[in-house]
Amino acid sequence: MKIIYNEAKQEVILDQVSDFDITQTLTCGQCFRWHEMGRHLFRGVVFGRVIDVEQLDDHTVIFYRVDRPFFEAHLVDYFDFGTDYRVIKEDLIERDDAVKQAIAHGGGIRILNQEPFELLLSFIISGNNNIPRIAKSIEAVASAYGSLIETIDGKAYYSFPTPDQLETVTVEDYRQLGVGYRDKYLRDAVETILEGRIDLDRLLTADYKLLKETLMLIKGVGSKIADCVILFAFKNKSAFPVDTWVKKIIRTYYSEELTKNEDILKFASEHFGVHAGVAQQYLFYYARKIKL
DNA sequence: CACCAGGTAATTC
DNA sequence: GAATTACATGGT
């Protein structure tokens with residue numbers, strides 16, 4: 001991948017990008033704070049900044065409002081540019097025809113490496129919820145308690161709040177934002193972290209089992225949400241979140257015997273191996289696309 | 001007006 | 001232990 005920095009214009013141009021479709025990647029349900037501003041053009045808030053990303057063709061991507069230090073410190077890792085998805089897809093395509101078909105439809109998806117605290121709260125909100133309302137609730141939390149970054153075209157953009165910024169926020173405050181019964185879960189997550197019972201930074205080096213059982217100490221975090229956090233924020237591509245869509249696709253294309261979430265997780269882990277989480281995203285995207 | 005949405009915790013058998 | 005139910009809210 002070739003990188004061209006235009007410091008004067010605060011632009012970063014990527015050439016020879018492969019296995020990347022910005023629309024698939026940013027609309028496949030793994031992230032909630034990107035907005036489509038135009039064809040193949042998105043604006044989002046990440047790492048305390050508002051940035052724009054545009055894909056010109058299969059191999060060319062431009063970042064706006066981004067300088068070299070920011071790109072190198074955050075975006076290379078965020079978009080997982082260090083990972084060769086061709087290798088992962090070749091591995092998965094060998095496994096079965098269903099995932100092969102899913103890759104034919106969503107092979108441009110990359111797993112974003114997102115900020116752990118924001119991702120944790122985002123997926124606590126996601127439970128038994130729909131994606132538009134998840135996004136709305138996250139924006140409500142950010143604009144109420146995050147820091148104002150800048151105003152663009154009359155619209156204010158806020159960073160996602162830190163645990164410290166949420167220290168005095170009560171269950172009732174969360175409820176007022178419209179998050180519903182997840183209010184107490186959000187409060188529990190913040191308290192757990194502020195009291196040091198869970199240190200997200202330290203968990204970066206923990207193995208899957210320890211990481212999952214630690215995350216599940218938080219009220220409102222069960223197996224599925226823990227796996228989402230592990231996959232989308234802890235760079236572990238073997239995590240396989242079992243949600244309603246994946247359940248449907250497993251029953252339809254793999255086995256009708258697999259009904260319990262625990263059994264599906266066990267099957268998928270063995271069947272897909274170390275890249276199970278990537279397979280999950282391809283399957284999730286495909287199932288939703290064909291309205292399975 | 002039921003039913004659903006990237007589930008989980010509490011309750012019950 | 002394995003199955004059932006309640007849970008906020010907004011959209012069909």
Side-chain angles (χ1 to χ4, degrees), chain A residues 24-34 99 102 105-106 109-112 114 116 118-141 144 169-192 198 212-234 236-237 239-252 257-266 268-269 272 276-292:
Chain A
Q24 290 174 6
T25 297
L26 296 181
T27 65
C28 72
Q30 61 177 321
C31 54
F32 303 101
R33 295 201 73 193
W34 287 94
V99 74
H105 285 258
I109 295 172
R110 284 173 167 269
I111 307 296
L112 299 172
Q114 302 181 64
E118 171 178 341
L119 195 96
L120 171 64
L121 267 57
S122 298
F123 274 92
I124 285 174
I125 292 169
S126 77
N128 192 30
N129 209 340
N130 57 69
I131 290 178
R133 205 168 82 87
I134 297 164
K136 191 179 169 191
S137 291
I138 293 167
E139 284 308 313
V141 171
V169 180
T170 65
V171 172
E172 290 73 23
D173 293 330
Y174 288 119
R175 178 63 65 96
Q176 282 212 305
L177 296 179
V179 303
Y181 63 85
R182 304 155 193 89
D183 53 3
K184 53 191 175 295
Y185 301 153
L186 293 175
R187 181 60 210 167
D188 187 61
V190 172
E191 277 181 7
T192 301
I198 291 182
K212 185 162 182 175
E213 62 190 33
T214 303
L215 290 169
M216 287 174 67
L217 294 173
I218 298 167
K219 294 283 183 221
V221 179
S223 175
K224 186 268 176 184
I225 291 176
D227 278 330
C228 283
V229 177
I230 294 167
L231 178 61
F232 299 137
F234 284 85
N236 187 336
K237 292 179 170 57
F240 190 92
V242 179
D243 60 53
T244 54
W245 290 100
V246 168
K247 254 187 277 189
K248 272 193 275 188
I249 214 163
I250 293 289
R251 282 204 312 264
T252 305
E257 312 303 312
L258 295 168
T259 52
K260 286 186 291 187
N261 289 14
E262 196 183 342
D263 295 338
I264 292 174
L265 174 55
K266 187 171 186 298
S269 300
F272 293 117
V278 187
Q280 193 272 5
Q281 273 304 280
Y282 294 142
L283 293 170
F284 176 80
Y285 181 85
Y286 181 57
R288 277 167 41 96
K289 188 171 177 177
I290 64 175
K291 304 183 195 303
L292 187 68

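No hydrogens, no waters, no symmetry mates; every other heavy atom, side chains included, goes into these values. Below, chain A is the first sequence line, B the second, and so on; all start at residue 1.
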Worked verdict on A:Tyr282 versus A:Phe272 for ring-ring contact (aromatic ring centres under 6.0 Å, His included): CA-CA 12 Å; A:Tyr282 294 142; A:Phe272 293 117; 9.9 Å; no
Does A:Gln281 reach a base, just sugar-phosphate, or nothing at all? Heavy atoms under 4.0 Å. base
Atom pair distance, as rounded to whole Å: CG in A:Leu186 and C1' in B:dG7: 14 Å
Which value, in whole Å, describes the distance between the C1' atoms of nucleotides C:dG10 and B:dA9? 23 Å
By side-chain hydrogen bond (donor to acceptor under 3.5 Å, both in side chains), which residues pair with A:Lys247, not counting sequence neighbours? A:Asn261
With sequence neighbours left out, the residues meeting side-chain hydrogen bond (donor to acceptor under 3.5 Å, both in side chains) with A:Trp34 are A:Tyr78
Short side-chain to backbone donor-acceptor contact, A:Gln30 and A:Thr25, under 3.5 Å: yes
Do any N or O atoms of the protein come closer than 3.5 Å to N or O atoms of nucleotides 9-12 of chain C, and which pairs are they?
from, atom 1, to, atom 2, distance (Å)
C:dT9, O4', A:Arg133, NH1, 3.3
C:dT9, O2, A:Arg133, NE, 3.1
C:dT9, O2, A:Arg133, NH2, 3.4

Donor-acceptor contacts under 3.5 Å from residues 183-190 of chain A side chains, at least two apart:
from, atom 1, to, atom 2, distance (Å)
A:Asp183, OD2, A:Arg175, NE, 2.9
A:Asp183, OD2, A:Arg175, NH2, 3.0
A:Lys184, NZ, A:Tyr181, O, 2.8
A:Arg187, NE, A:Glu191, OE2, 2.9
A:Arg187, NH1, A:Leu166, O, 3.3
A:Arg187, NH1, A:Glu167, O, 3.0
A:Arg187, NH1, A:Val169, O, 3.0
A:Arg187, NH2, A:Glu167, O, 3.4
A:Arg187, NH2, A:Glu191, OE2, 3.3
A:Asp188, OD2, A:Lys219, N, 2.8

Roughly how far apart, to the nearest Å, are C:dA8 and B:dT11 at atom P? 13 Å
Could you state the CD1-P distance from A:Ile225 to B:dA5, rounded to the nearest angstrom? 16 Å
So which protein nitrogen or oxygen atoms get under 3.5 Å of nucleotides 9-13 of chain B's nitrogens or oxygens?
from, atom 1, to, atom 2, distance (Å)
B:dA9, OP1, A:Gly220, N, 3.1

How many whole angstroms separate atom NZ of A:Lys247 from atom C1' of B:dA5? 13 Å
Residue list, side-chain hydrogen bond (donor to acceptor under 3.5 Å, both in side chains) with A:Gln114, at least two apart or on another chain: none
Distance, rounded to the nearest Å, where A:Asp227 contributes CG and B:dT8 contributes P: 9 Å
B:dC3 and C:dT5: how far apart are their P atoms, nearest whole angstrom? 13 Å
Distance test, side-chain N/O of A:Ser126 to OP1/OP2 of B:dA5, below 4.0 Å: no
Is the A:His105 ring parallel, tilted or perpendicular to the A:Tyr286 ring (thresholds 30°, 60°)? tilted
Considering only C:dA8, B:dA5, C:dA3, which nucleotide approaches the side chain of A:Lys184 most closely? C:dA8
Under the side-chain hydrogen bond (donor to acceptor under 3.5 Å, both in side chains) test, which residues partner A:Gln176, sequence neighbours left out? none
Just the rounded figure in Å: distance from P of C:dG1 to NZ of A:Lys260. 13 Å
Whole-Å distance between C:dC7 P and A:Tyr181 OH? 11 Å
What is the nucleic acid contact for A:Tyr174, judged by heavy atoms within less than 4.0 Å: base, sugar-phosphate only, or nothing? nothing
Just to verify, what does A:Tyr285 make a ring pair (Phe, Tyr, Trp, His ring centres under 6.0 Å) with, not counting sequence neighbours? none
Grab the CG-P distance between A:Asp243 and B:dA5 for me, whole Å please. 10 Å
Would you kindly give the CD1-to-C1' distance between A:Ile125 and B:dA5, to the nearest whole Å? 15 Å
By the 4.0 Å heavy-atom rule, please label A:Ser223 as base, sugar-phosphate, or nothing. sugar-phosphate
Which residues pass the side-chain contact (heavy atoms from CB on, under 4.5 Å) test with A:Ala226, not counting sequence neighbours? A:Lys212, A:Leu215, A:Met216, A:Val221
